[in-house]
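The structure appears right after this line, and notes come after that.
FYI, side chains are in, hydrogens and waters are out, and symmetry mates aren't considered; it's all heavy atoms of this structure. The chains referred to below are lettered A, B, ... by the order of the sequence lines, with proteins before strands, and numbering in each begins at 1.
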Protein chains: 2
Amino acid sequence: MEDRAVSCLIALRRVLSAADHNARAVAKVTGLSVQQLIVLRIVEDTTEITPMMIARSAGVAPATATALIEKLAQMDYVSRRRSESDRRRYWVSLTEAGKAALHSAPDPLHQKFSEEFARIPDYEQAMILAALERVANMVSIPGETLPGTDESHVLEVSEALGAETIAPA
Amino acid sequence: MEDRAVSCLIALRRVLSAADHNARAVAKVTGLSVQQLIVLRIVEDTTEITPMMIARSAGVAPATATALIEKLAQMDYVSRRRSESDRRRYWVSLTEAGKAALHSAPDPLHQKFSEEFARIPDYEQAMILAALERVANMVSIPGETLPGTDESHVLEVSEALGAETIAPA
DNA sequence: ACTCTTCATTCAGATTTCGAAGAATCAGAT
DNA sequence: ATCTGATTCTTCGAAATCTGAATGAAGAGT
């Protein structure tokens with residue numbers, strides 16, 4: 001019965017394709033590149049994160065992460081704050097402008113899904129949510145893309161006070 | 001209860017992220033770019049397709065589709081056959097080498113999913129499949145990425161006989 | 001102090017992507 | 001037949017992107 005697994009993967013690919021199209025469309029509207037948008041979302045999810053973590057989460061080389069962050073900082077969508085405990089690193093976080101840019105951007109897929117989702121019966125909603133989370137747990141890499149559960153930087157919260165916003169080099 | 005819709009979208013984003021990572025990994029192994037891989041899969045799904053359709057399915061500009069197809073043709077992963085009914089167009093199809101490249105490439109996500117999927121109880125498998133197809137239908141653009149259901153080129157099957165393989169320009 | 005590692009950056013080069021212009025072809029109207 | 005307009009694909013140059021390797025700066029361990 002691996003027939004059913006294949007059907008699942010086909011359906012998944014349809015979703016993937018739609019998401020890809022959607023990402024490009026959103027990127028075009030916001031004037032950001034797809035990658036910049038991804039980084040922005042990663043930063044939002046974590047509230048504070050280092051370039052290295054971003055590189056890993058976004059699946060790009062460190063050099064690329066630097067460039068992406070620099071661009072976003074120039075647009076004032078993210079801010080950089082030097083780490084006190086490790087002076088090599090710094091924390092990237094979303095500015096108000098960045099938050100606004102993320103949420104003001106119309107997301108067709110998001111809207112379409114929410115709209116249709118609201119229309120289906122309750123038990124089916126629950127079923128879909130359960131299935132999606134099941135699938136997410138199956139395929140997603142444990143420590144990836146949701147470093148909100150990553151405690152390595154939680155210790156740094158104390159830094160938040162009295163730290164100056166620095167523009168590296 | 002739009003709370004649940006949001007949870008769905010979060011789970012979806014985890015899946016998306018994992019798929020993205022996976023696509024890059026597969027691309028690196030095969031020596032193909034992510035886009036080339038996408039095009040290759042589109043061609044496989046349709047068995048025969050024109051550059052224009054590829055551009056639309058892959059979500060790129062026509063000029064980009066030309067470049068992608070050219071690269072794949074140079075590697076002998078796809079072949080081009082001039083259309084008889086409309087001499088402007090040509091049909092792109094997978095070569096044996098292309099088919100081999102697609103299937104010999106290890107796909108971690110594919111494997112991981114199939115493996116874990118096989119391990120869960122029957123009714124849950126059915127539930128996940130139903131949910132995925134439901135979601136796919138919600139978000140995917142009707143005529144996109146599965147032009148196998150597109151009948152516009154089915155009429156051309158008769159061409160298959162006695163047509164020479166042409167390398168345009 | 002010394003070495004080894006990690007983090008971020010710079011820089012040059014390769015690749016990718018696209019818009020615009022152009023050539024070929026088709027379809028329909030005159 | 002010819003003309004016109006639309007469609008398909010290509011070429012070309014410019015812009016943006018991504019990366020590997022080298023570099024500097026800072027931490028960690030001996």
Inset, instruction - Heavy atoms under 4.0 Å is the rule here; annotate nucleotides 14-21 of chain D 5' to 3' with B where the base is hit, S where only the sugar-phosphate is, and - elsewhere. - result: ---SSBB-

Inset, instruction - Round to a whole Å and report the spacing from CZ of B:Arg81 to P of D:dC9. - result: 14 Å

Legend entry - Length of the CD-C1' vector between A:Glu70 and C:dT9, whole Å: 10 Å

Legend entry - Length of the CE-P vector between B:Met52 and C:dT25, whole Å: 17 Å

Legend entry - salt bridge (Lys or Arg N to Asp or Glu O under 4.0 Å) partners of A:Glu44, counting only residues at least two apart: none

Legend entry - Test side chain to side chain contact (heavy atoms under 4.5 Å, CB included) applied to A:Ser57 and A:Val43, A:Ile42, A:Thr46, A:Asp45, the passing residue: A:Ile42

Inset, instruction - Look at the side chain of B:Arg88 and the base of C:dT25, then say whether one donor and one acceptor between them are separated by less than 3.5 Å. - result: yes

Inset, instruction - Provide, to the nearest angstrom, the distance between the CD atom belonging to A:Glu84 and the P atom belonging to D:dA26. - result: 13 Å

Legend entry - Pair A:Glu70 + A:Arg80: basic N to acidic O under 4.0 Å: yes

Inset, instruction - For D:dT10, take OP1 and OP2 only and decide whether either is under 4.0 Å from a side-chain N or O of B:Tyr90. - result: yes

Legend entry - Whole-Å distance separating the CZ atom of B:Arg82 from the P atom of D:dT8: 14 Å

Legend entry - Identified side chain to side chain contact (heavy atoms under 4.5 Å, CB included) partner of A:Leu102 from the options A:Thr30, A:Leu40, A:Leu32, A:Asp107: A:Leu40

Legend entry - Nearest-angstrom distance from the residue atom CZ of B:Arg89 to P of C:dA23: 23 Å

Inset, instruction - Could you state the atom-to-atom distance from CH2 of A:Trp91 to C1' of C:dA8 in whole Å? - result: 14 Å

Inset, instruction - Can you tell me the distance, in whole Å, between the CZ atom of B:Arg56 and the C1' atom of D:dC9? - result: 13 Å

Legend entry - Atom of B:Val60, atom of B:Ala65 and distance for their closest heavy-atom approach: CG2-N, 4.1 Å

